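I have placed the structure first, in the form of structure tokens, so that the comments after it can refer back to it.
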Protein chains: 2
Amino acid sequence: MAHATIRDVARAANVSIATVSRALNGHGNVRANLREHVQSVAAALGYVPHTGARSLSLARTNAIGVMLPDLHGEFYSEALRGIDAEASARGLQLLLSNMHGDQRGTETLRFMRGRVDALIIMAPDIDPERLLAHLPASLPTVLISCPDVSADHPQFRIDNVAAADAMVEHLVASGRRRIVHLSGPRGNRDAEERIAGYSAAMTRHGLSPRVLTGDFEEESGTAAAQALLGDTERADALFAANDMMAIGALVVFQRAGLSVPEDIAVAGFDDIPLARFVTPALTTMRVGIAEIGAEAVSRAAAILAGESDTEIRWVAPQIKARASTIGGAA
Amino acid sequence: MAHATIRDVARAANVSIATVSRALNGHGNVRANLREHVQSVAAALGYVPHTGARSLSLARTNAIGVMLPDLHGEFYSEALRGIDAEASARGLQLLLSNMHGDQRGTETLRFMRGRVDALIIMAPDIDPERLLAHLPASLPTVLISCPDVSADHPQFRIDNVAAADAMVEHLVASGRRRIVHLSGPRGNRDAEERIAGYSAAMTRHGLSPRVLTGDFEEESGTAAAQALLGDTERADALFAANDMMAIGALVVFQRAGLSVPEDIAVAGFDDIPLARFVTPALTTMRVGIAEIGAEAVSRAAAILAGESDTEIRWVAPQIKARASTIGGAA
DNA sequence: CTGTTAGCGCCTTCAG
DNA sequence: CTGAAGGCGCTAACAG
């Protein structure tokens, strides 16, 4: 048999459903012993309120939707950690989903309608305009590292250009000249901006940029490293647009008998937890994605509380110089 | 202004809401051009169905709830990967939540009522009986590595006893005698069972078991390793109940000048992605948690489709012997 | 304090 | 093929 509803409780307790609702939601205006009676009847019946129905009538779900390119993986897992911590602290539930590509993304987003009070979207490679077209404009939406949008949404933007530039500076300062950049996929905002920062810095130093295109996956780091090994005049530094590609390359270089950083320096981007465990520890740019995630939840909550927020907040990554570029020290 | 509802569409299209519903949900019995008219009006109004209301009237949410001890971290992130892949393939949405302790856990579970069609719970340290008390018995619930329950739920159980036993065999075979076990927290099912398997194997070989109690976090591995370093007759192998603790210990041993595995072998449990990246690569037991997650979704879906399933399915971890216990080879 | 009455947004019989 | 009406489970005025 189906589950007990508020009506069943009301009948069993000989009161109206309104009284049950008030008693169970602690609305004060119920006689103390009646309240207890209702509570015990509810417990006896194993009554559990139907939160779906509840949020329909309250027009409030107490949940926020989160849309990430991936749910797993070191980087997004970190983002999730921050989001989860903050949401939990605020008593908000999370409706999580990954993109699974553009098509599936809009479908998922439609699903969120009526189930969440606000949205956090991280989509470096999908035009959020298209995504949001399927959603009520009234739904507060925080964007993280998304392509430009015309609508006034609160946003987080990572200063990829400056960060990539800084990494090149670091490599040049440690004597590298033939610095190759392994980029993320074309069309991805973060990837494009890192290429731009890299190229600008190289040019400024009179060095010629050389970009290999990857896809942010470990395997493309592996492939890039193998390609580099075949060169006659080998690069003396590889700067990958994320850590997983850098690590993939690191392994290949070492397996081929090169020593890192003596023969070739390797640097990544993101500072995923794994970065400090590989040998040698990976030099990278710390983005602090967990903090961004947490703050995104706070901003969403603030909007729900009535505040308005259309600010673009810039995040400046910090360099983490480790052994993979500065042999000797760690 | 609020978002358009089905009523707004009906009014604008000069039809009844029933017709709008039928037209938009592809119910065949609508004149072709009327259907198109409705669709275009809906599009013009930017109408997006309110899935919350929809599932209330359908008594079907198309979502499944997932409850994990943590959402981040290497192990649960892997579990999520499997769950997500399968759910996505079946067009199911995911409502994810972590436990945040017992109290918060039941609260979250109540939240799930009315929002999901089924539940997947992984809770090695919480009595699910207590958890499920707050939920309708009619909600299909798949349990992964939970303490025993009386109710007939489909379950996955990891054969931790046999796996821990096998790991001890491996270490003994490679000449180790003073094998210390660093366990997970007391009261955690997986932890207890691994202790049992370890102890049984040690005793069988006439070796004396020695168990240090950890908590599955990297720091407790660090601490345990430091404690071991102070011993007069040092252990020659450390078998940690999960990979993160093993890795924490690995780092400490090496930093103290010991070489692994020559001076001391180190083994973990889980085979998280990180395990193969540390130096030396970590010997561990592969649980295949992603596969379990995917299968859990399938079982939940099958139950929703009407099948009955109260089977306890056993999962046998596989040993992954790597350089941290068998120096030389990898 | 408590019961009655409308909905929240949608779907689905039941008539026409 | 289409419209009217009832209901999913719950909450919030509005009366008593």
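Treat the numbers as computed from the prediction; the structure is a model and nothing was measured. Numbered from 1 within each chain, the chains take letters A, B, ... in sequence-line order.
Atoms CD1 (A/Ile17) and P (C/dG3) sit 11 Å apart, rounded to a whole Å. In this structure, CG of B/Asn14 is placed 12 Å from P of D/dA4, rounded to the nearest angstrom. Between the CZ atom of B/Arg31 and the C1' atom of D/dG3 there is a distance of 13 Å, given to the nearest Å. If you measure from atom CG of B/Leu58 to atom P of D/dG7, you get 17 Å, rounded to the nearest angstrom. Atom-to-atom, CG of A/Asn29 to C1' of D/dA13 comes out at 12 Å; the value is rounded to the nearest Å.
Side-chain to base pairing of B/Arg113 with D/dG9: no donor and acceptor N or O lie closer than 3.5 Å to each other.
Across all strands, A/Ala59 comes closer than 4.0 Å to no nucleic acid atom at all (heavy-atom distances).
Separating the CG atom in A/Leu68 from the OG atom in A/Ser77 is a distance of 10.0 Å, to the nearest 0.5 Å.
The side chain of B/His27 has C/dT12 as its nearest neighbour among D/dA4, D/dG9, C/dT12. Checking C/dG3, D/dC10, C/dC10 against every side-chain atom of B/Thr5, the shortest atom distance belongs to C/dC10. When the nucleotides D/dT2, D/dT11, C/dC10 are ranked by their closest atom to the side chain of A/Asn25, D/dT11 comes out on top. Here C/dC8 is the nucleotide among C/dC8, D/dG3, D/dC10 with the atom lying nearest to any side-chain atom of A/Leu56. Proximity note for A/Ser57 (side chain, C-beta onward) versus C/dC11, D/dG9, D/dT2: the nearest is D/dG9.
Seen from the ring of A/Tyr76, A/Arg81 does not count as a face-on cation partner, given the 6.0 Å and 45° thresholds. Both cation-pi conditions hold for B/Arg115 and B/Phe111: the charged atom is under 6.0 angstrom from the six-membered ring centre and inside a 45 degree cone around its axis.
Side-chain N/O atoms of A/Arg60 include none lying less than 4.0 angstrom from OP1 or OP2 on D/dT11. In this model, the phosphate group of C/dG9 is not approached by any side-chain N or O of B/Arg54 to a distance below 4.0 Å at OP1 or OP2. Distances shown here put every side-chain N or O of B/Arg22 at or beyond 4.0 Å from the OP1 or OP2 atom of C/dT12.
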